[in-house]
Structure formats: C-alpha cells, structure tokens
Student: 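I'd like to ask some things about the structure below.
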Amino acid sequence: MPFELTLPFSAIVGQEQMKKALLLNAIDPAIGGVLIRGDRGTAKSSAVRALGRLLPDYEAVDQCPYRCDPAIPSRYCDECRRRANSGRLPVVRLPMRIVELPINASEDRLVGSIDIEAAVRAGTRRFQPGVLAEANRNLLYVDEVNLLDDHLVDVLLDAAAMGINVVEREGMSVTHPAHFILVGTMNPEEGELRPQLLDRFGLCVEVTTPPDIDQRLRVMELEREFLDNPQAVHRTAAPRELELYDRLQAATTRLDLVQLPDAIRALIARLCLDGSVAGHRADLVVARTARAICALRGAALVELADVLEALELALAHRRRDAAIDKPEQAQELASRAAEQLAQIQATTPTETAEAARGEATQQEGASGGESNEGWTTAEARESPSTEAVDVEPDTVIQLRTFAVKKLDLPRERQARRAAGKRTSTKSETKRGRYVRSSQNGKVTDVAFDATVRAAAPHQLRRRQATPDAPNQLQLESQDLRQKVRERKTGNLIVFVVDASASMDAEQRMQATKGAILSLLRHAYVRRDKVALVAFSGRNARVALRPTSSVDLAERRLERLNIGGTTPLTHGLMTALKLIKTERLRDPRVYPLLVLISDGRGNISLFGEEPLLEAQRTASQIKQEGIRAMVIDSTRDFSSQPGYPRNRVTSLYGAYAFNVCGDLAERLGGRYYGLFDLSQSAIVDSVQREMLRTGSA
Ligand SMILES: [Zn+2]
C-alpha cells in the first residue's frame with residue numbers, strides 16, 4: 001500500500017488500547033498477537049497498516065525464502081543450517097512487511113505445499129512455501145479472522161504459539177521458522193470466534209466509536225484533512241512518527257533487560273489462578289505483556305501499574321463471566337492486586353540468594369506446568385548469555401521461568417489430527433467448502449489439486465515406463481485424494497415479522513423474540529446467525545443484523561416496538577436485500593427466511609397493487625434460491641401437502657383469500673398455521689424446516 005493511503009500511526013485519534021496492544025506485540029511478538037474487535041469503520045485496518053510503517057528494517061540471510069535471522073543460528077531453516085556449514089551466510093537488509101491472509105485461503109496456501117511444477121518436470125519433491133513462510137519475521141494480518149475456517153485459525157494459532165510451521169504431506173516433511181507479529185481483526189456482529197480460539201490470542205482489545213463528542217469531531221476533521229492532502233498530514237506527523245519509531249526501537253532493545261521481581265511474578269500467578277480466568281496461558285501472557293509495557297515506558301523493573309495494564313489487555317477475552325461494569329471491576333482488581341502484593345512482600349521480606357537458587361523447582365509451579373511454547377523454548381535456549389549481564393542476585397529473570405523441555409512437535413500435530421476433533425462439522429455431502437484432502441477410503445469427490453500433487457513426483461518414472469505418452473499426466477489409483485469439506489458458516493435465519501398494531505401483535509412479537517434468543521442459544525453450529533426484519537408503519541427495518549451473539553440480540557430486541565400499518569412488501573424486500581448482502585460477504589451462508597404475519601393489515605385482500613407487489617417479491621426470493629417458510633398466526637393447522645392453501649377458511653371470516661398461504665406457495669416454502677403462536681412453536685417449526693432441507 002502506498003505511503004499516503006493510510007493515516008500515520010501517531011495521528012490516529014483515541015483508540016489508546018488498540019494502539020498500545022499493537023505496539024506491545026511489535027516489541028515482543030511472543031505475547032501471542034492481538035485480536036482487535038470492533039464495528040465496521042473503526043479504523044482497525046488502517047491502524048495495522050500504520051503500525052507497519054513504524055517497524056524497522058531487519059537483517060536476513062540472502063536468498064533464504066524464510067529470511068532467517070543471521071544472528072540467531074538456533075532458528076535457522078534447514079537450508080541455512082546447511083549453508084552455514086560451508087562458510088559465512090550473505091546478509092541483506094529487508095523492510096518489515098504486512099502479509100495478509102485472505103479469508104478464503106486454503107490450508108495449502110497457509111502452510112505451503114509441494115511445488116507441482118518441479119515435481120512434474122524433475123520428479124523432485126520441493127516445498128512451495130505458503131503464507132506462514134512469507135510471514136516469518138513480518139507482520140501477519142488476518143482481517144475478519146472470525147470468518148476464517150476454524151481449522152485454519154487453529155493451524156495459524158499453533159504456528160504462532162510455537163514459532164514454527166510443520167508440514168507433513170505428499171511424502172514431504174518440512175519444518176520452518178514462523179515467528180511473526182499476529183494481528184487479527186473482527187466485527188463481532190458478524191459472528192464470534194469459538195472461545196477456544198479466542199483465548200489463544202495473546203491480547204484482545206475492543207474498538208468503539210469514541211463516546212466523546214470532541215474526539216469524534218477531531219476524527220472527522222482529520223479525515224477531511226487527510227482526504228484533501230494526505231502528504232501534508234504525513235508531513236505534520238513526521239516528527240511524532242520519528243519519535244515513536246525511536247521509542248519502539250529503544251523498547252525492543254531494552255526488553256531483554258527488563259526485570260520481573262519475584263513478588264510481581266507471584267502476584268501474576270495468583271491473580272490468574274483465582275478462578276475467573278479461562279485458558280492456561282494467561283499468566284505467561286500477562287508477564288510478557290507487563291515486561292513490554294515496562295520496556296515501552298523506558299523502565300527496567302516491572303511495577304504493579306504495568307501488571308494492571310497488562311491484565312486489562314490480556315484478560316478481558318479470557319474471563320468466563322463478561323464484565324458488567326468495567327471501570328468498577330478494574331478498580332476492584334487494582335485494590336485486590338495491591339493488597340496481595342503487600343501480602344506477598346510481607347511473607348518474603350527479602351528475596352535472598354537462597355530463594356534464587358531454589359528457583360528452578362519453584363518456577364515449575366509458578367508457570368503452571370506450561371511446557372508447549374515453542375517461542376519460549378527458543379528463547380530459553382538463548383537467554384542465559386544475554387540475560388546474565390544485568391542480573392542482581394535477588395532478582396529473577398522472567399525468561400528463565402519458562403525454560404521447558406524440547407518438544408516433539410510433528411508428532412503432536414499429527415496426533416491431534418488423528419483425534420479428528422471437528423468431525424461433527426465435516427460435511428458428508430458435496431456441499432460445504434473444500435478445506436483439505438484425505439487419502440483414506442473410497443474416493444467420490446476428487447480433490448484434483450491434491451491428487452495432482454500426489455502424482456507429481458512419480459511422473460518422470462511413469463513416463464519412462466510408458467514412452468508412447470510422454471506428455472500426459474499419468475494418474476494411478478493410489479494418487480487419488482478425497483475432498484474433505486466443511487460447512488462452517490451454517491444457517492442464516494432471517495425472521496420477517498409483522499409488527500403492525502393488531503390484536504395479537506404483542507404476543508407475536510414476544511414469541512418471535514423468544515424464538516430468536518432460543519435459536520441462538522441452541523445454535524446447531526457455532527456460526528448460525530439470526531436476523532430480524534420488522535415491518536410496520538411506513539416501512540420495514542432491520543431490527544437485528546445477522547448475528548450469532550445472544551447478548552447483542554437481547555439488547556437490540558429489547559427496544560423493539562409494535563404499531564402502525566403493514567407494508568408487507570417492504571418487509572420482504574428488506575429481508576431479500578439483507579440476505580443478498582450477507583451472501584456477498586460470505587457465499588457459503590445458507591439462508592432461511594421466516595415470514596411471521598397474520599396476513600391482514602393493510603394488504604389488499606383481492607389482488608390489488610400492494611398484494612401484487614408482495615407476490616412479485618416472493619417469487620423473486622424463490623428465484624434467488626432462498627429457502628423460506630411462512631408462519632400464519634391466524635390459523636390453526638400445520639402444513640399439509642396438497643392442501644388448497646390459498647383458499648383456506650380464515651378464523652376471522654369465511655372465504656377470505658389466504659395471503660400467507662399464497663405467499664408461501666410463491667416463496668416455494670412451507671406454510672404453518674400457528675394460531676397459538678408461542679416461542680416453542682416457532683422454534684419447533686424452524687428447526688423442522690432446517691432438518692427437512694438438510695442444512696446441518
Ligand atoms: Zn533460512
């Protein structure tokens with residue numbers, strides 16, 4: 001991206017937590033990345049790009065696809081190790097890059113795969129590096145990480161935590177360094193990350209529109225200035241950018257010297273153990289973050305304030321109970337922390353040399369038996385020489401806390417795969433997204449790319465065996481690979497509800513709200529989403545955007561009113577537009593439109609203009625291939641095939657034209673008469689509909 005297209009980092013107004021979290025990860029990528037949550041238009045991605053400009057160039061081994069650091073031989077790739085044996089490695093200076101992972105990336109693209117061209121031409125198995133290789137020593141940016149396939153997020157976070165990428169496929173076994181600054185962004189309204197993935201991000205920050213009116217004005221003013229003359233904005237910001245660049249550099253250099261006193265380390269362990277925190281990495285992340293905060297403010301000894309700030313950044317997304325009153329909770333935590341620190345210091349008045357010697361055993365307990373952190377493995381190996389310089393007998397260096405056994409990584413990854421922990425979401429049909437391939441069993445759905453990759457190394461030999469067809473790709477049955485598909489996105493259930501004032505409007509709305517919350521709480525797949533379009537008054541509005549968040553739905557639905565007349569067509573059109581938008585964003589989404597109405601209101605009963613419009617819209621929805629169903633709150637029977645739906649007797653008057661039944665027919669969906677409309681009746685019929693169309 002050209003220099004002028006995004007704001008300078010130092011010019012970004014507000015969003016202090018986001019900026020801080022980004023800087024801390026730049027100082028110490030081993031913190032484990034940052035997840036930035038926030039609505040659209042909260043400058044998440046411009047902040048990431050702006051950070052890119054503050055990151056320094058680095059020295060790398062020339063011609064190495066992973067840009068190995070010449071100064072750290074322990075992290076060399078195999079090739080650099082080999083080259084290092086036969087003399088000095090050539091060095092180049094490279095700029096730090098922002099490597100972006102597209103959300104439709106395949107596993108091959110992420111981890112790398114066999115180089116097909118080399119395999120076919122020369123019969124050699126050569127590794128074609130993927131995004132994780134490109135990301136080594138750079139910044140890896142995943143926009144909309146919540147829309148990324150869970151399996152890929154898993155692989156990504158594994159690599160981030162271990163600092164290496166392990167690839168075992170097509171007869172290749174490749175391990176290469178993958179140390180990167182990980183930044184993910186997401187809009188929670190578009191679906192949450194699974195909690196197991198959420199707490200594997202080191203830090204997490206929420207960005208919101210600034211509540212302060214002055215700040216909002218400043219943001220707008222700056223945006224205008226930037227649009228008019230981006231160069232001028234960059235010129236004005238240059239001195240501050242330079243100062244920040246220097247500060248960041250100094251902090252990175254200082255990080256190794258920052259000390260974490262015993263008492264502070266004990267405090268962190270205590271605070272993270274008190275039961276309200278999920279995930280076992282919390283104390284490690286808090287300790288690392290506190291050290292980076294200390295380095296950034298230019299100090300050498302971690303203090304209570306650093307720990308408190310670190311807790312805020314590292315614990316919000318690990319807490320099991322959502323914070324109700326954040327400021328009050330922070331206040332409470334601060335005083336509890338101070339109290340505990342005083343207590344710890346009172347029981348160990350002087351941290352003696354004896355205590356320091358007993359360190360090794362003590363620390364195993366303090367770090368909670370943590371032993372699978374590749375990052376720390378690497379650093380632990382290097383730390384003694386660099387750390388020993390500044391050590392006083394009564395302080396303990398944090399890095400040594402994490403000294404761990406060497407891991408047998410490839411085996412661990414394979415074992416996890418074999419366990420097949422996400423079989424439940426694997427799709428048996430040919431629907432769903434192709435996420436990877438397998439070699440097992442009967443092949444019914446050929447993964448061509450994987451098959452070609454498997455066959456590639458054998459081409460030279462096979463061609464020699466059959467000289468009459470020298471230019472053909474020769475496949476044998478053992479090359480065949482099956483596609484493994486996953487239906488990640490799940491359903492999008494769009495309720496279109498008549499909110500016009502009528503006898504049963506209140507009940508209808510209450511039942512619908514209840515049904516929405518119930519469907520969200522019992523979502524079949526994590527990524528099921530529900531949306532609500534309410535029509536009444538002059539038009540229809542989206543009362544709830546597609547979301548999988550129960551909290552959000554509760555908040556939005558609380559303020560939903562009833563009243564007015566009934567423009568049914570608007571309701572259907574609004575729903576159609578919403579579904580089309582959602583499909584653009586995520587083509588895998590599987591929508592179900594649920595119209596809930598009494599079919600009366602101001603809809604003309606005898607085929608005049610408003611009804612024709614509604615009928616046309618219904619046909620259009622069917623043409624778009626959107627599943628639909630209609631729940632009629634004035635009739636009392638379930639859908640029966642062959643029933644003359646459009647001439648059914650209304651409870652409110654004989655011979656009335658059945659608007660709902662007619663629309664159901666045009667929508668190509670089922671018609672349910674639910675006179676006794678209740679939350680469970682809606683949920684039952686929606687679930688029946690989802691099962692009927694085999695959506696799970
Ligand atoms: Zn290398």
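Numbers for residues simply follow the sequence, beginning at 1. Predicted, not measured: the structure shown is a model, and the values here were computed from it. We count ligands from 1, going down the list as the structure has it; atoms in each ligand are counted the same way.
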Student: Of all heavy-atom pairs between Arg83 and Asp62, which one has the smallest distance, and what is that distance?
Tutor: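 What the structure gives for the nearest pair is NH2-O, 3.0 Å.
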
Student: So, Ser10 versus Glu241: side-chain donor-acceptor pair below 3.5 Å or not?
Tutor: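 Checked: Ser10/Glu241 side chains pair up, N/O donor to acceptor below 3.5 Å.
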
Student: Angle class for the His176/Tyr66 ring planes (parallel below 30°, perpendicular above 60°, tilted otherwise)?
Tutor: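 Taking Tyr66 first and then His176, their aromatic rings lie parallel (interplane angle under 30°).
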
Student: Return the minimal non-hydrogen interatomic distance between Asn136 and Pro177, and the atom names on each side.
Tutor: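 So the minimum-distance heavy-atom pair works out to CG-O, 3.3 Å.
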
Student: What verdict does the salt bridge (Lys or Arg N to Asp or Glu O under 4.0 Å) test give for Asp283 and Arg265, after you've listed the backbone C-alpha separation in whole Å, the side-chain angles of each residue and the deciding distance to 0.1 Å?
Tutor: CA-CA 9 Å; Asp283 57 341; Arg265 184 164 45 75; over 6 Å; no

Student: Ignoring waters, how many N, O or S atoms from the protein are under 2.8 Å from the Zn ion (ligand 1)?
Tutor: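 Counting protein N, O and S atoms closer than 2.8 Å to the Zn ion (ligand 1) gives 4.
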
Student: Taking all non-hydrogen atoms of both residues into account, name the closest pair between Ala314 and Val286 and its distance.
Tutor: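 For Ala314 and Val286, the tightest heavy-atom pair comes out as CB-CG2, 3.9 Å.
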
